[in-house]
Number of protein chains: 2
Amino acid sequence: MGKVLRGRSGRRRGAPDTKGEILAAARQVFGERGYDGASVRAIAAAAGVDPALVHHYFGTKEKLFLAAMDIPFDPSAIAGAIMDDTSGAGIGERAIRTFLAVWGQPAGRAPILALLRSAMQNEAAARLLRQFVTRAILGRVLSIFEGVPNGALRAEAMVSHLIGLAIVRYVVKLEPIASVPDEDLVRLIAPVLQRYYDGAFEQD
Amino acid sequence: MGKVLRGRSGRRRGAPDTKGEILAAARQVFGERGYDGASVRAIAAAAGVDPALVHHYFGTKEKLFLAAMDIPFDPSAIAGAIMDDTSGAGIGERAIRTFLAVWGQPAGRAPILALLRSAMQNEAAARLLRQFVTRAILGRVLSIFEGVPNGALRAEAMVSHLIGLAIVRYVVKLEPIASVPDEDLVRLIAPVLQRYYDGAFEQD
DNA sequence: GGCGAAATTCATCATGTGATGAATAATGCG
DNA sequence: CGCATTATTCATCACATGATGAATTTCGCC
């Protein structure tokens, strides 16, 4: 039997982007188990690296989390899709389409899932999610709801539906909603979301 | 100084419903931190009891959780409120009203919050929540959606919105939706939910 | 009133956690 | 080449966790 493959001390050869691999592993594991549930050891294992190296690069688990949550996804892409049209017409469909595009691929949903899962177990993470939703989502969408009566409330109601959808479809995996094709969801949900915009202008 | 108040070994006097107190504490702590986050020690402390007593009564943490999730709330009360009328008319308003009634008081939301939080960190709990939603909610509401095209899907879409609302309002506490009066929420959300029923009969 | 059963706590174990510091190996600048 | 710097692992700490078994105190039946 030759030498043991892993376990040799000291620097490795070449110039592997170890820090990046740790970050990627962190996003995945945080996404699967949330902040408290993800152990530094598990993240290190997923990155194929000694746990101490994680601390060497990021100092503390919390800093690693913050680093992993940074640049969660391309903000301009999302904002762009939603803001394609600054009028309220079709905002329901644009919202659900953007949502499905981001959550459809694991890489896209990992950071938000991590934030969401963590927010359920950790007040600090809840604060983080709050400010993320406020800044990254509402801050942009709100311009559409600007001048709309109860605009903020209506926008948040839309967001709350999408968060619930994320949980039911991607976490709890309730059938049939977990397996239904994207297009069916768009047809089902878009007009309902749209009502949060249109409803503002109806008589009471 | 007199004797120490707590810490004396052996059976206590009187006939305190200790088992019930542990269950209540379990519901609260599980509700606050989820399954993984709630330690047996924390639950015991909340019940004013030694951790070993928890194991004495319930054997294992998992069994305690199952016991705490049992009879989470009066099923007939909820089903009754939703089923008041077996027609689809007004189902949107009845759904949000029932939701607010249950989640409005801590005792009502604790068990479901516990299930929800735990489902985000624990696959086993996710399975539990899935079957709870299926049996306790959908199983009853579905009779209204019986014969409705895509009835199950529409019912689940409604539920997903309410779950998202629960998270945004009671966990993440996003403002203004976290503080808005119940009646305002009813006015805002009821007609939107209603659309999941009415929409089934519109032309495509 | 005595005695078995139940209720309650204490002491303890094995395990997993985040974190730290020292040791080893490769890199790259001079 | 030589040597400081960086990347990497190992050994270890202090602490929290779920769980178990023995010891202590009260209850309730006969």
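Proteins get letters first, then strands, A, B, ... in listed order; numbering begins at 1 in each.
A close approach under 4.0 Å does occur between a side-chain nitrogen or oxygen of Ser39(A) and OP1 or OP2 of dT17(C). Between dT8(C) and Tyr57(B), a contact under 4.0 Å exists linking OP1 or OP2 to a side-chain N or O. Within the 4.0 Å cut-off from OP1 or OP2 of dT8(D), at least one side-chain nitrogen or oxygen of Arg12(A) is found. Listed pair Thr60(A) / dA19(C) meets the phosphate criterion, a side-chain N or O lying under 4.0 Å from OP1 or OP2.
Arg41(A) contributes no side-chain N or O that forms a donor-acceptor pair with the base of dG16(C) under 3.5 Å.
Within the cation-pi definition used here (under 6.0 Å to the ring centroid, within 45° of the axis), Lys19(A) qualifies as a partner of Phe58(A).
One interatomic measurement links the two molecules: CG of Leu53(B) to C1' of dT20(D), which rounds to 14 Å at whole-angstrom precision. The nearest whole Å value for the distance from the CD atom in Glu21(B) to the P atom in dT8(C) is 9 Å. Distance Ile43(A) CD1 to dG16(C) P: 17 Å, rounded to the nearest Å. We find that NE2 of His55(A) is positioned 15 Å from C1' of dC10(D), with the value rounded to whole Å. Whole-Å rounding puts the Phe58(A) CZ to dT8(D) C1' distance at 15 Å. Taking atom CG of Asp50(A) as the reference point, atom P of dA25(C) lies 15 Å away to the nearest angstrom. When rounded to the nearest whole Å, the span between CD1 of Ile22(A) and P of dA7(D) equals 11 Å. Rounding to whole angstrom units, CG of residue Asp17(A) and C1' of dT6(D) are separated by 15 Å.
Note on Ala38(B): only backbone sugar-phosphate atoms sit closer than 4.0 angstrom, heavy atoms only; bases stay farther off. Counting any heavy atom pair closer than 4.0 Å across all strands shown, Pro51(B) reaches no nucleic acid atom.
Nearest-nucleotide positions on DNA chain D place Lys61(B) closer to the 5' end than the other of Arg13(B) and Lys61(B). Each of Ala52(A) and Gly37(A) lies near DNA chain C, and the nucleotide nearest Gly37(A) is the one positioned closer to the 5' end.
A donor atom on one side chain and an acceptor atom on the other are not found under 3.5 Å apart for Ser160(A) and Glu156(A).
In this structure, Gln121(A) and Tyr35(A) approach most closely via the heavy-atom pair OE1-N, 3.2 Å.
With sequence neighbours left out, Glu93(B) forms a side chain to side chain donor-acceptor pair (under 3.5 Å) with Arg97(B).
Proximity of a side-chain donor or acceptor of Arg130(A) to a complementary backbone N or O of Val172(B) within less than 3.5 Å is detected.
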